[in-house]
Novice: 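Quick one: structure below, then a few questions.
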Amino acid sequence: MTAPTIVWLRDDLRLTDNPALTAAADRGPVVLVYLLDDDSPEVRPMGAASRWWLHGSLRSLSTATGDQLVLRRGAAETVIPQLVADTGAAAVFWNRRYGAAREIDARLKSSLRESGLEAQSFQANLLFEPWTVRTGEGNPFRVFTPFWRAAREAAVRAPLPVPHVDWAIADGDDLESWALLPTHLDWTAGLHESWNPGEEGAHAQLESFVTERLADYHRRDEPAVEATSRLSPHLSFGEISPFQIWERMHGDLPAAATKNVAKFLSEVGWREFNANILFHSPELAEKNYRPAFDAFPWAEPDPRDLKAWQQGRTGIPIVDAGMRELRHTGYMHNRVRMIVASLLIKNMLIDWRVGEKWFWDCLVDADEASNPGNWQWVAGSGADAAPYFRIFNPMLQADKFDGQQKYIKRWVPEFGTAEYPESIVDLAASRREALAAYEHVKAGQRA
DNA sequence: ACAGCGTTGAG
DNA sequence: TCAACGCTG
């Protein structure tokens, strides 16, 4: 009887194209485990919307394995060795992650090996490993376009099929005991209406994108048009891999869709780019990527204004529509994310970190790299960021991308009535203040 | 309202 | 090695 191999799942909640699982299954019996790690300081605890998603995704995965998924809770460096002892495992395999938590993985890998176990990590969640994409001078890229051009020169492997797995037995927690779902005041009805967490839901989403939406992808900036993939939460939990998406984009597509493939894949490229930035700057969610922004004189947030932004009551229709979409569905259209972020940062002068945290709690696709990376992009403090002085006018943005006000009316039904609030910001005056505040960053750069 | 990235070609 | 350049967000 061969000793089992533990496969430790993290952001790779899938059975297909799972290199760690496939390699483990080749060796003999497998213990498939997911740890809820709210204890290790290197792990950013999931927000409320992500916890709702995690519950559904784990439920789905457990069913797909015939209830063989083992759930454990606690700090990985305590729980994994315990599980090794409980199961008599001879090896622990996992797929790589790229944030601060990879320090945990590195320490664990050496301590397991010191104890005579085999420990191996695999490439599964990024098309291109961050340390392989370098400028001519050997540095990491800080600009997207040359990064993506250089990255694509490497070959992309084909995805792996579901392996045949011989499951080994191990005790675990009951999913309900983790209380991932809200216990009182259930706010998740809109999430249920909008999403189907799990590997099956992820592939259905990819298929509906290819057949129904990709042909309209050139209109992806219009929030009232269904043209985006809506794959982000599935990717964020690893229910589908970028390799599977890549292969599908090179397979049979509707004729009208082919012209949009490169653009869509470049958005997948932005996910890779942000993961690269995080790999080289693990404190991306806390620190300005460009230190000159440390001199920025952020305003002390007025609690009422901040609440108005969070709840979608700023009096600026496109912003309120977006913030309400977020609270209701755990998602916001990409163009609208830029607009609401710009208002918070450049009209309300509130530190991007405040907005990033709110998104982290509300988004089902909250991603450790993309969320802070994109907030810093809007702020101007990030990699390849928009110039700070490019300040969106949310009214013009609405005219341009929601000219019929279809999106606005969907989420802000009282728009145009006396019930709709006055704007909490003077767009022209706050714009001037923001530009004046930016002078501090320019001064900091010279120093 | 332009700084800063990556490239290139000369030294 | 460096400065000039083109480009971009």
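Order of the sequence lines fixes the chain letters, A, B, ..., with proteins taken first and strands second; residue numbering starts at 1 for each chain. Since the model is a prediction, treat every value here as computed from it, not as a measurement.
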Novice: Does the A:Lys357 side chain pair with the main chain of A:Trp352, one donor and one acceptor, at a distance under 3.5 Å?
Specialist: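 Side chain of A:Lys357 to backbone of A:Trp352: no pair is present.
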Novice: For A:Asp384 and C:dC7, what is the distance between atoms CG and P respectively, to the nearest whole Å?
Specialist: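 Between P of C:dC7 and CG of A:Asp384: 16 Å.
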Novice: To the nearest Å, how far apart are A:Trp377 CH2 and B:dA3 P?
Specialist: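 That distance rounds to 19 Å.
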Novice: So what does A:Arg431 touch, heavy atoms closer than 4.0 Å: a base, only the sugar-phosphate, or nothing?
Specialist: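 A:Arg431: base contact, heavy atoms under 4.0 Å.
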Novice: For A:Phe141, which contact category applies under a 4.0 Å heavy-atom criterion: base, sugar-phosphate, or nothing?
Specialist: sugar-phosphate
Novice: Starting from C1' on B:dC5, measure out to CD1 on A:Ile277 and report it in whole angstrom.
Specialist: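 So the CD1-C1' distance, A:Ile277 to B:dC5, works out to 12 Å.
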Novice: Just do the ring-ring contact (aromatic ring centres under 6.0 Å, His included) check on A:Trp246 and A:Phe243 with the steps written out, would you?
Specialist: CA-CA 5 Å; A:Trp246 186 274; A:Phe243 297 93; 8.9 Å; no
Novice: Is there a side-chain contact between A:Arg51 and A:Leu181 (heavy atoms, below 4.5 Å)?
Specialist: no
Novice: Return no unless some side-chain N or O of A:Thr145 is found under 4.0 Å from OP1 or OP2 of C:dG9.
Specialist: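 Yes, such a contact exists.
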Novice: Under 4.0 Å, counting only non-hydrogen atoms across every strand here, what does A:Pro146 touch: a base, just sugar-phosphate, or nothing?
Specialist: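 Sugar-phosphate only.
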Novice: From CZ of A:Arg290 over to C1' of C:dG9, roughly how many Å is that when rounded to an integer?
Specialist: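 Computing the A:Arg290:CZ to C:dG9:C1' distance gives 10 Å.
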Novice: Let me know the distance between CD of A:Glu137 and C1' of B:dG4, rounded to the nearest Å.
Specialist: 14 Å
Novice: C:dG9 P sits how many Å from A:Asp221 CG, rounded?
Specialist: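 That distance rounds to 14 Å.
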Novice: Ignoring backbone atoms, establish whether A:Arg390 has a side-chain N or O less than 4.0 Å from OP1 or OP2 of C:dG9.
Specialist: no
Novice: Expressed as a whole number of angstroms, how long is the span from A:Phe144:CZ to B:dG6:C1'?
Specialist: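 In whole Å, B:dG6 C1' and A:Phe144 CZ are 15 Å from each other.
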Novice: Please give me the minimum heavy-atom distance between A:Gly315 and A:Pro317, naming the atom from each residue.
Specialist: O-CD, 3.6 Å
